[in-house]
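Notes follow once the structure below has been shown.
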There are 2 protein chains.
Amino acid sequence: MNASQFSTKQRILGAAEVLFARYGFAGASLRQVTAAANVNLAAVNYHFGSKENLIEEVFRRRLDDLNARRQAALTKVEKRADATLEDALDAFIRPALQLSLDRSGGGAFMRVLARAYAEHDDRLRRFLSDNYGHVLREFVVVFHHMLPHLDKEELYWRLDIVAGALTYAMADFGVIKRKGGTSEQSHRERAAEHLVRFAAAGLRAP
Amino acid sequence: MNASQFSTKQRILGAAEVLFARYGFAGASLRQVTAAANVNLAAVNYHFGSKENLIEEVFRRRLDDLNARRQAALTKVEKRADATLEDALDAFIRPALQLSLDRSGGGAFMRVLARAYAEHDDRLRRFLSDNYGHVLREFVVVFHHMLPHLDKEELYWRLDIVAGALTYAMADFGVIKRKGGTSEQSHRERAAEHLVRFAAAGLRAP
DNA sequence: TACTCGATCAAACGACCGTTTGAAGGATAC
DNA sequence: GTATCCTTCAAACGGTCGTTTGATCGAGTA
């Protein structure tokens, strides 16, 4: 008799995501994770091999979907002749926003992703770059067409800034307090709108 | 006979800063810290009381100085009648850049600061807000005078984005690879220049 | 010289860590 | 019925963790 409709693997991934977001990769122990997932301690090493592999799977589960959505949105933008800079930015930002709004742990995952940046861990960076770098490169090409006055290096710098601000905003790091009655969802939606306006102006700067 | 000209406390703080930056607060152990500082393990609890207090002292040592520099730069801007938005942004960004360029561990500290954001730890957030919030509030007032077309809420959102991008840039999270022959210092200086241009345009957006 | 007291030391405390082990379920195929 | 294979389980492994203890050092004072 299980406490959930989900498989052992899925329950471990869900619990790990929440606890990694809250306490970090080193700070959350497998005992905490397995207790929260209502599975035996040994299940992590049985299903994933090691804690390190579990961490990678937490990323894979969400990023596969995120990148597919970004890719699809970007392809739509590429096909339209009248697409604006805001459209391309939206193709980059909206999928991340939607993921962060996902009812089951999306918000936690965005915090996990922000932690990965902070970790500066080479193994993790290589994993992310190897598996998801190609989509980012395609975005750069599209932005380059839309902003021909910027040389490639300048463009890289500005997109790097946008990525940083996006991560920061989606992980809810900001100092802006949610007003009473405002849900976490609509707070993030606001953040995305403001970010698109801000980033579009920043990218267009001479 | 000590291995260094610095006091035990200073050596612990320096080593802790570097190791917290590299492995995180939970990931870096007091045994690693005291070994790197060339002091006895018990010295941390003798001088700081606990690991938690040591973490706070790592912040205090740098942030006192950072805030004083920001305050001074902002006061100069306030006194000039012809000060531009770029001047005010510079007052916010340049002190952080200078800190990150500090030869003895400044770069490490910016990564520690970014980790603090990622930690989302309430105790730490309260500590930072209580001790350093007033300077940020003063910046908001100045920006509000310079951008009267933005209502207060819009302005808060945009400054929040700037703070996120700044943290991201100074912690060297970006995907931009340093070119051969470019020092970490001049890489950060470039990042700050780009950030001021980008942020000024973003803030001025209608 | 004797005393004091902050600083440093090696050693140990109990708790928790990631991982491994070997036995026990429990469904499916023969 | 029983053999097979995947999964789950309690228990234990060696190690590392933050913290505490009590001895020892060494400069300053009476």
Side-chain angles (χ1 to χ4, degrees), chain A residues 1-61 112 115-116 119 121-124 127, chain B residues 1-61 112 115-116 119 121-124 127:
Chain A
M1 182 65 173
N2 274 340
S4 154
Q5 58 180 310
F6 298 107
S7 71
T8 298
K9 275 182 101 161
Q10 289 303 315
R11 273 182 288 150
I12 291 173
L13 287 169
E17 186 171 67
V18 170
L19 290 167
F20 287 155
R22 195 174 304 160
Y23 303 113
F25 303 114
S29 74
L30 294 185
R31 281 170 176 81
Q32 287 178 276
V33 169
T34 52
N38 237 304
V39 303
N40 187 271
L41 169 61
V44 169
N45 283 277
Y46 176 77
H47 286 286
F48 298 96
S50 67
K51 184 179 185 177
E52 194 73 24
N53 287 345
L54 169 60
I55 293 171
E56 283 192 5
E57 286 306 312
V58 167
F59 284 105
R60 199 189 306 276
R61 183 172 70 144
V112 173
R115 276 191 187 271
E119 288 291 328
D121 179 277
D122 276 344
R123 183 160 132 79
L124 207 50
F127 168 80
Chain B
M1 182 67 174
N2 275 339
S4 153
Q5 58 180 312
F6 298 107
S7 70
T8 297
K9 276 183 99 160
Q10 289 302 314
R11 273 183 289 151
I12 291 174
L13 286 169
E17 186 172 67
V18 170
L19 291 167
F20 286 156
R22 195 175 303 162
Y23 303 114
F25 304 113
S29 73
L30 295 184
R31 281 170 177 81
Q32 287 178 278
V33 169
T34 52
N38 237 304
V39 303
N40 187 271
L41 168 62
V44 168
N45 283 276
Y46 177 77
H47 285 286
F48 298 96
S50 69
K51 185 178 185 178
E52 194 72 26
N53 287 345
L54 169 61
I55 294 172
E56 284 193 5
E57 285 306 312
V58 168
F59 284 105
R60 198 189 306 278
R61 184 172 69 144
V112 172
R115 276 192 188 269
E119 289 290 326
D121 179 276
D122 276 344
R123 183 160 132 79
L124 207 52
F127 169 80

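Naming convention: chains lettered A, B, ... in sequence-line order (proteins, then strands); numbering from 1 in each chain. All figures in this text were calculated on a predicted structure; none of them were measured in a lab.
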task: Give the rounded distance in Å between these two atoms: CG of Leu30(B) and C1' of dC16(C).
output: 15 Å

message: Tell me the interatomic distance from Asn45(B), atom CG, to dA10(C), atom P, rounded to whole angstroms.
response: 16 Å

task: Would you kindly give the CD-to-C1' distance between Glu52(A) and dC17(C), to the nearest whole Å?
output: 15 Å

Phosphate OP1/OP2 of dT7(D) contacted by Thr8(A) side-chain N/O (<4.0 Å): no

query: Under 4.0 Å between a side-chain N/O of Ser29(B) and OP1 or OP2 of dC17(D), yes or no?
result: yes

statement: Between NZ of Lys9(A) and P of dT8(D) the distance, given in whole Å, is 11 Å

message: The side chain of Arg31(B) is closest to which nucleotide in this list: dC17(D), dT19(C), dC9(D)?
response: dC17(D)

query: Expressed in angstrom and rounded to an integer, what is the separation of Gln10(B) atom CD from dA7(C) atom P?
result: 14 Å

message: For Glu57(A) and His47(A): C-alpha separation, side-chain torsions, deciding distance, then whether side-chain contact (heavy atoms from CB on, under 4.5 Å) applies.
response: CA-CA 11 Å; Glu57(A) 286 306 312; His47(A) 286 286; over 6 Å; no

task: Figure out the CG/P separation between Asn38(B) and dA7(C), and round it to whole Å.
output: 19 Å

- line: Taken to the nearest 0.5 Å, the spacing of Tyr46(B) OH from Thr8(B) OG1 works out to 10.0 Å

task: Respond yes when some side-chain nitrogen or oxygen of His47(B) is under 4.0 Å from OP1 or OP2 of dT8(C), and no when none is.
output: yes

query: To the nearest Å, how far apart are Phe48(B) CZ and dG18(D) C1'?
result: 15 Å

message: Is there a side-chain contact (heavy atoms from CB on, under 4.5 Å) between Val44(A) and Lys51(A)? Walk through the geometry before answering.
response: CA-CA 7 Å; Val44(A) 169; Lys51(A) 184 179 185 177; 5.6 Å; no

- request: Check whether any side-chain N or O of Asn40(B) sits under 4.0 Å from OP1 or OP2 of dA10(C), and answer yes or no.
  value: yes

task: Describe the nucleic acid contact of Ala43(B) in one word from base, sugar-phosphate, nothing, applying a heavy-atom distance below 4.0 Å.
output: nothing

message: Using the side-chain heavy atoms of Gln32(B), tell me which of these nucleotides is nearest: dC17(C), dC17(D), dT8(D).
response: dC17(D)

field: Phe127(A), CZ: over 12 other non-hydrogen atoms inside 6.0 angstrom
entry: yes

- request: Rounded off to whole Å, could you give me the OH-to-P distance for the Tyr46(B) and dC25(D) pair?
  value: 17 Å

query: Choosing from dT19(D), dT21(D), dT19(C), which nucleotide comes nearest the side chain of Leu41(A)?
result: dT19(C)

query: To the nearest 0.5 Å, how far apart are CZ in Phe59(B) and CG in Leu13(B)?
result: 12.0 Å

Out of dT19(C), dA10(C), dT19(D), whichever nucleotide has its closest atom nearest the side chain of Lys51(A): dT19(C)

